[in-house]
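To start, the structure under review is shown below, and the notes come after it.
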Amino acid sequence: CRASWSIDAICKPNRLGRHLFLYSIEESIKKIKVILYILNRRKTDLIELNTQGYSGELQYKPGDHIGIFAENRRELVDAILAKVANAPPCDQLVKIEILREKPSVFGVSKQWIVDERYPACTLRCALTNFLDITSTISQNMLMYLSTQAANENDRIQLERLSKDHIAYEEWRLNGFPNLVEVLNEFPSLRPHASLLMTQLPKLQPRFYSISSSSKITDDIHITVGVVQYKLTGKSIRYGVCSKWLDELQVGKIVPSFVRA
């Protein structure tokens with residue numbers, strides 16, 4: 001089953017150090033009691049998802065998983081859009097088409113085929129909802145990016161990283177750079193929108209264990225540890241989905257599906 005559900009409530013702890021904290025909040029005429037254990041300042045949220053009438057169609061039990069399609073952080077998307085060359089207008093819908101060879105009795109012809117992986121959307125929407133912009137950039141992607149660098153030194157360094165496995169591993173292990181960090185490291189790099197939309201990997205759903213029973217409640221309960229960390233010399237990084245859920249307001253839609 002696949003549906004979009006809304007957040008009933010997000011229960012968030014205060015920073016209490018090593019304490020067990022019991023409290024309740026009231027949202028949408030509903031009281032939720034939450035027990036949260038905070039260890040080493042790690043934040044944990046208990047989240048209730050209102051299935052809005054889908055409960056009769058959903059078959060799951062505690063321990064099954066819900067897959068959630070989160071959004072990338074706005075500041076990362078803004079940083080990428082600021083570096084994109086020949087970007088379409090912010091409100092213009094774009095779609096991906098792939099040139100494929102099609103054999104026939106008259107020989108091989110070429111035809112543009114719509115890429116069904118993504119719907120027609122704006123570039124901002126693609127970077128926010130459909131493309132993985134937080135994972136470490138692969139050697140293959142570095143090879144493509146090297147063709148988009150205006151500075152000769154940047155181009156040579158990107159080419160070296162794309163071909164030299166040892167150099168790439170040393171570079172990768174020094175902070176696991178994502179796309180924004182690569183763009184900052186190589187300032188002359190101005191990737192085309194078409195390159196990003198066709199070569200970046202898809203943003204994958206994040207799976208969480210369901211802690212509620214459909215026999216007891218229509219809501220799906222999940223417990224989410226909020227991922228947040230800082231590497232030496234790098235900016236703070238956040239878990240794509242855990243931080244997105246943590247910052248959602250009550251009533252917002254959560255695109256998701258149940259995997260029994």
Side-chain angles (χ1 to χ4, degrees), residues 69-102 110-206 234-235 237-241 244 255:
F69 295 95
E71 295 181 0
N72 289 310
R73 296 184 68 79
R74 185 180 182 89
E75 61 265 28
L76 297 180
V77 174
D78 287 343
I80 294 170
L81 288 173
K83 293 285 188 112
V84 173
N86 300 322
C90 60
D91 59 347
Q92 179 177 314
L93 295 179
V94 296
K95 63 180 179 180
I96 304 172
E97 294 185 341
I98 302 172
L99 185 62
R100 296 193 185 279
E101 292 185 346
K102 185 178 180 181
K110 294 183 178 180
Q111 184 177 2
W112 287 100
I113 305 296
V114 175
D115 188 343
E116 300 292 347
R117 293 179 303 164
Y118 309 115
C121 61
T122 64
L123 179 58
R124 175 178 289 278
C125 178
L127 291 169
T128 300
N129 299 99
F130 301 122
L131 300 173
D132 183 352
I133 62 174
T134 60
S135 294
T136 305
I137 295 297
S138 67
Q139 280 188 286
N140 193 49
M141 187 62 180
L142 288 173
M143 178 188 68
Y144 288 119
L145 290 174
S146 68
T147 65
Q148 317 270 286
N151 180 273
E152 185 69 10
N153 290 333
D154 286 350
R155 184 186 62 78
I156 292 173
Q157 179 66 359
L158 286 165
E159 282 187 354
R160 186 175 76 89
L161 291 173
S162 71
K163 297 176 180 178
D164 187 328
H165 182 70
I166 295 176
Y168 171 76
E169 283 301 306
E170 291 177 352
W171 174 82
R172 184 182 68 87
L173 293 173
N174 184 27
F176 302 93
N178 58 34
L179 178 58
V180 173
E181 290 166 337
V182 170
L183 294 173
N184 290 334
E185 184 176 349
F186 302 97
S188 72
L189 191 51
R190 294 290 188 272
H192 288 187
S194 58
L195 173 66
L196 299 180
M197 292 190 69
T198 57
Q199 299 305 320
L200 283 174
K202 289 181 67 175
L203 181 59
Q204 299 298 318
R206 269 49 173 184
K234 302 289 183 179
S235 58
R237 293 188 180 180
Y238 304 98
V240 174
C241 191
W244 179 71

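The basis for the numbers below is simple: all heavy atoms, side chains too, and nothing from hydrogens, waters or symmetry mates.
Side-chain N or O atoms of K102 include none that pairs as donor or acceptor with a backbone N or O of Q111 at under 3.5 Å. The backbone N or O of V77 sits nowhere less than 3.5 Å from a side-chain atom of N72 that would complete a donor-acceptor pair.
Atom SG of C121 is separated from atom CG of L93 by 7.5 Å, given to the nearest 0.5 angstrom. To the nearest 0.5 Å, atoms CG (L142) and CZ (R172) are separated by 11.5 Å. For the atom pair OG1 of T198 and CD1 of I98, the computed distance is 8.0 Å after rounding to the nearest 0.5 Å. From E159, atom CD reaches atom OG1 of T147 across 9.0 Å, with rounding to the nearest 0.5 Å. With values rounded to the nearest 0.5 angstrom, E101 atom CD is found 5.5 Å from K110 atom NZ. Here the CD-CG distance, from Q139 to L158, works out to 12.0 Å after rounding to the nearest 0.5 Å.
The heavy-atom pair separating V84 from L196 by the smallest distance is CG2-CD1, 3.8 Å. In terms of heavy-atom proximity, N153 sits nearest to N151 at N-OD1, 2.8 Å. The minimum heavy-atom distance linking T136 with F176 is given by the pair OG1-CB, 3.2 Å. Contact detail for H192 and Q148: the closest heavy-atom pair is N-OE1, 2.8 Å. Annotation for E181 and S235: closest pair OE2-OG, 4.5 Å, computed over non-hydrogen atoms. The two residues A167 and L161 have their closest heavy-atom pair at O-CD2, 3.7 Å.
Atom CZ of R74 is surrounded by 12 or fewer heavy atoms from other residues, nucleotides or ligands within 6.0 Å. Annotation for L99: atom CG counts as buried by contact number, over 12 foreign heavy atoms lying within 6.0 Å.
Residues L81 and L123 have side chains in contact (heavy-atom distance under 4.5 Å, counting atoms from C-beta outward). Using a 4.5 Å heavy-atom cutoff, the side chains of R73 and Y238 are in contact. Between F186 and L145 there is no side-chain heavy-atom pair separated by less than 4.5 Å. Residues P177 and I137 are not in side-chain contact: their nearest non-hydrogen atoms beyond the backbone lie 4.5 Å or more apart. In this structure, the side chains of V240 and R206 come closer than 4.5 Å at one or more pairs of heavy atoms. Between D132 and L200 there is no side-chain heavy-atom pair separated by less than 4.5 Å. The side-chain heavy atoms of P191 and Y144, taken from C-beta on, include no pair separated by under 4.5 Å.
Here D78 pairs with R124 in a salt bridge; the nearest charged N to carboxylate O distance falls below 4.0 Å.
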Candidate pair Q157 and W171, rule side-chain hydrogen bond (donor to acceptor under 3.5 Å, both in side chains), full reasoning:
CA-CA 11 Å; Q157 179 66 359; W171 174 82; over 6 Å; no
For a side-chain contact (heavy atoms from CB on, under 4.5 Å) check, start with the C-alpha distance between V94 and T122, then their side-chain angles and the critical distance, and finish with the verdict.
CA-CA 6 Å; V94 296; T122 64; over 6 Å; no
